[in-house]
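Working notes for the structure below.
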Amino acid sequence: MAIKRVSSTITEHLLNEQRLNPEATGAFTFLLNELIVAAKVINREVNRAGLVDILGATGDVNVQDEQVQKLDLFANRAIIERMQHIGQLCCMVSEEDANLIDIPVKYPKGDYILLFDPLDGSSNIDVNVSIGTIFSIHRRQNKEDNVDYLLSDVLQPGYKQVAAGYFVYGSSTIMVYTSGNGVNGFTLDPGVGEFLLSHENIRIPEYGSIYSVNEANEAYWNKETKALIAYFKSIDRKAGRPYTSRYVGSLVADFHRNLLKGGIYMYPSDLKEPKKPNGKLRLLVEANPLAMIAEQAGGYASDGFRSILNINPDAIHQRTPLFIGSKKDVELAEQFISRK
Ligand code: AFP
């Protein structure tokens, strides 16, 4: 009986990418491998969530004024503790921490900056809906010897990301990753404990048939946003409209579905109290990494006026409206939103 070769592992994939770059030292591969270990630890805890005392809120609110869930906190600590000692990072940014996370003096420092949302969609934790971890990696730009990093190293525009990805803890656990050479997906084989290549060279369809938005906010949208969503709902059989609506309220899960099937995810600005002129999502830890993946898969991401990847950030927890997914759908959204 012929034995089917097991798909390549994420480690093999990273080593192959490393070989393509003659200047690579292995530091980046090591960094990603450690991040994958942290994600496996989070995945284990997510899977045991109903069995151990880790469901529910801690009673605290985070820097975004949102309820902190116990699993949020666990995931945040799992990543920080795993990543701070590896010697490849000069600092980190987490959605859960108001300030930049310095690497303790006792550990060696490196040239990379890790930005992450440890557990996106945390309001879905208690109800078994998919949640995820999103990450972005930048390289330190300053060459000064006596500083670990400057704020400008952290506040780089998205087009300078060296890699980005996410883990979805769903019906299976998947890692989707890009370092600028296309997008690949790796599914965790729980028997082997490895992420195996399952979605090679992901390409998002040019047009989709899905729109994803929290439509309960409609009364608070401006007229341009209302007109855009009305367009996706209007009837034009030849053009494939009306689109269908899908929204679970975990960005990472909503984005992942649309990446594979084609469609557009939207979190526009709204005037619901507290008013969100820049929407709800965070530029550095949510919009930028997903925008890099979308573009690498042939899609696009915009704030309604310009490419997300071209925004020059001025604060680590800056928010941005987000329209992301199939290229033609997002370009259309831009036309509607920027209409005067
Ligand atoms: P939480 O992590 O606090 O659940 O926030 C999730 C999120 O940032 C993003 O994952 C969702 O797409 C979005 O919020 C959902 O927001 P609404 O509940 O306002 O639709």
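As the structure lists them, so they are numbered: ligands from 1, and atoms in each ligand from 1. Only heavy atoms go into these numbers, but all of them, side chains included; no hydrogens, no water, no symmetry mates.
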Those atoms of ligand 1 less than 4.0 Å from some heavy atom in [X]:
X: Leu281; result: 8 (O), 9 (C)
X: Glu286; result: 8 (O)
X: Leu251; result: 9 (C), 10 (O), 11 (C), 12 (O)

Q) Hey, is the main chain of Arg306 close enough, under 3.5 Å, to the side chain of Ser302 for a donor-acceptor pair? A)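 Answer holds: yes.
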Q | Asn76 side-chain N/O to Pro118 backbone N/O, donor-acceptor pair under 3.5 Å | A |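 The answer is no, because no donor-acceptor pair under 3.5 Å joins these two groups.
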Say whether [X], considering both its backbone and side-chain N or O atoms, lies within less than 3.5 Å of an N or O atom on ligand 1.
X: Tyr267; answer: yes
X: Lys280; answer: yes
X: Asp254; answer: no

(Q) Out of the candidates Thr244, Asp254, Asn258, only one should pair with Ser212 under the side chain to side chain donor-acceptor pair (under 3.5 Å) rule; please name it. (A)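 When side chain to side chain donor-acceptor pair (under 3.5 Å) is applied between Ser212 and each of Thr244, Asp254, Asn258, only Asn258 qualifies.
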(Q) I'd like to know if Arg319 and Glu286 make a salt bridge, using a cut-off of under 4.0 Å between side-chain N and carboxylate O. (A)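 Salt bridge flag = no for Glu286 with Arg319.
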Under 4.0 Å, heavy atoms only, figure out whether ligand 1 is touched by the backbone of [X], its side chain, both or neither.
X: Phe255; value: neither
X: Asn214; value: side chain
X: Arg282; value: side chain
X: Ser123; value: both

Q) Would you call the rings of Tyr247 and Tyr265 parallel, tilted or perpendicular if under 30° counts as parallel and over 60° as perpendicular? A)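 Rings of Tyr247 and Tyr265: parallel, as their planes differ by under 30°.
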Q) Are Arg44 and Asn47 close enough that a side-chain donor and a side-chain acceptor fall under 3.5 Å? A)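 There is no such pair between these side chains.
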Q.
Please tell me whether Arg139 and Tyr112 have a donor and an acceptor in their side chains that are separated by less than 3.5 angstrom.
A.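 Yes.
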